[in-house]
Amino acid sequence: MRKQDHATAAEASIEDVAEHAARADALVRAVLGRVMRQRRSTGTALDYVRALSPGTRANCWELAEAAGHEGPGRMQALLRSYKWPWEKLRGALPGLAAQCLPDDPDDLIGPGIAVDETAHLKKGNATACVSPQHAGVTGKVENCVTWVFAALVTALGQAWTDFDAYMPEAWAKDPERRRRAGIPGSLKFATKPELATAQVKRLAAAGLRFCWVAADEVYGRCGEFRDACRALKLAYVVIIPCDYRVTLAKEKVIRADQAVNGAVFERRSCGNGTKGPRYSDWALIATADPREFLLIRRLDREKNQYTFYLCHAPQGRPATMTYFITIAGRRWPVEELDHHRRSDFQDREGHLRLGPVPGPHLGRGLPAHRPDRARPAQDRRHPRSHDRPHCPPGRRPPRPRHRPRNRRRRHQRP
């Protein structure tokens, strides 16, 4: 390829990226416009989404600077004083995901839903639903807020479709704490599998097309979650703990790890990763249910060498090792979004909030310029004193009086 051809290909790829970015902005603006009443509110929310990036710290000053605002007032008002139905926005996510990730006609597995959870680490105890609990981003108990989410997974990528904030029992049993945080009394306590079950049912009722569900052992050990997938005629590949009791043929009940002794493993790839195909040793064992199987994955390591999956394929779906392995492999990119902590939502302060943000509300208006005509960001790092959020508009804080220095006059001698 000649140098001119390289330049032409690079220009074409840049134009494609710009076209897709403009299309994505138009879709997001349309969704926000159906939720928010005023156009300037929609513009501020869209600027907020655009400003979210791994290189921008999640505070209103830097988000406003990245968006081209003069000060953080509009971002602070968006997070503190704007009122809009977040349930309506959540209901629009399946349609938005379906538009961004169309079905691939050559994909034999079909689109599916990956259920997982993420944690938002916090330092205080005033944020709604914060408590010491296991955080998947660190692998240990942290003071955090946990979100249960569902992502649409296709051969082209992943997209967020549903979410719920997990409310610990300590919050559910403390009405005064809930009142201070703004949690409505109608919100009842629900376990993580119950939240995931409700999400799968909501997505199916919304008309989103998906053929399978994949989840880790938090949801895999729950029989109600698996029964809900069966009732919707969905295939599932869920992780189960090693001590889970599995009923094999002839009504023989054993632990999942006891099936390793008689298993026959095959070297298979469950998909491509960042370093090429992901090869592992896999074994598929039939159970007493003719449509349910025990899938075992073996890795070449000493700790956590085996992973156990409980798999189900409804009528019309192939109950084969290739089918189940492919579904298991497609869940991993969604799980990695949680561990990398620089992905969709879990590391961005204020991206999603339940209840009021701690601190006084801002009782002042927005700047006069329109959000569609945002002014360029200032070159200075820190704002001037009269741009600070605690200063009312039209007033400047009094300057501190400096005590004059005792300078000796020139004609005086020491």
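Values below: all heavy atoms of this structure, side chains included; hydrogens, waters and symmetry mates excluded. Residue indices begin at 1 and follow the sequence shown.
- In this structure, the separation between CE on M321 and SG on C311 is 10.0 Å, given to the nearest 0.5 Å.
- Taking every heavy atom of both residues into account, A135 and C144 meet most closely at CB-SG, 4.1 Å.
- Of all non-hydrogen atoms in R291 and R317, the two that sit nearest each other are NH2-O, 3.0 Å.
- Using a 4.0 Å cut-off between charged side-chain N and carboxylate O, D162 and R202 make a salt bridge.
- A donor-acceptor contact shorter than 3.5 Å is absent between the side chain of T118 and the backbone of W147.
- Below 30°, between 30° and 60°, or above 60°: for Y309 and W282 the angle between ring planes is between 30° and 60°, a tilted geometry.
- Nearest heavy-atom pair, I296 versus A263, reported as atom, atom and distance to 0.1 Å: CD1-CB, 4.5 Å.
- Panel note: side chain E224, backbone E194; no donor-acceptor pair is recorded below 3.5 Å.
- No donor-acceptor pair closer than 3.5 Å links the side chain of R221 to the backbone N or O of P241.
- Here CD1 of I239 is found 11.5 Å from CZ of F308. Values are rounded to the nearest 0.5 Å.
- A distance of 11.0 Å separates OG1 in T247 from CG in L294, rounded to the nearest 0.5 Å.
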F225/V238 under side chain to side chain contact (heavy atoms under 4.5 Å, CB included): CA gap, chis, key distance, verdict: CA-CA 10 Å; F225 177 76; V238 293; 4.2 Å; yes

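- With R179 contributing its side chain and G185 its backbone, the two residues share no donor-acceptor pair below 3.5 Å.
- Between the side chain of T287 and the backbone N or O of E292, at least one donor-acceptor pair lies under 3.5 Å.
- Distance alone, capped at 3.5 Å, is enough to place a donor-acceptor pair between the R301 side chain and the N304 backbone.
- Annotation: cation-pi pair R177/W171 present, NZ/CZ under 6.0 Å from the ring centroid and within 45° of its normal.
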Chi angles and distances behind the side chain to side chain contact (heavy atoms under 4.5 Å, CB included) call for D257, Y306: CA-CA 8 Å; D257 53 1; Y306 295 97; over 6 Å; no

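- Look at D281 and R268 and you find no salt bridge, because none of the NZ, NE, NH1 or NH2 atoms lies under 4.0 Å from a carboxylate O.
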Check against side chain to side chain contact (heavy atoms under 4.5 Å, CB included), V153 and I113: CA-CA 6 Å; V153 182; I113 292 296; over 6 Å; no

Full working for salt bridge (Lys or Arg N to Asp or Glu O under 4.0 Å) between D107 and R330: CA-CA 13 Å; D107 183 20; R330 289 191 177 181; 2.9 Å; yes

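- Under the 3.5 Å distance criterion, the side-chain polar atoms of W212 are matched with a main-chain donor or acceptor of G110.
- Rounded to the nearest 0.5 Å, atoms CD (E65) and NE2 (H69) are 12.0 Å apart.
- Side chain of Q199 to main chain of V148: a donor-acceptor pair is present (N/O by atom type, distance under 3.5 Å, no hydrogens or angles).
- Put simply, the side chain of D103 never gets that close to the backbone of P105: no donor and acceptor are under 3.5 Å apart.
- In plain terms, the two heavy atoms of F163 and R90 that are nearest each other are O-NH1, 3.1 Å.
- In this structure, K192 contributes its side chain and E117 its backbone to no donor-acceptor pair below 3.5 Å.
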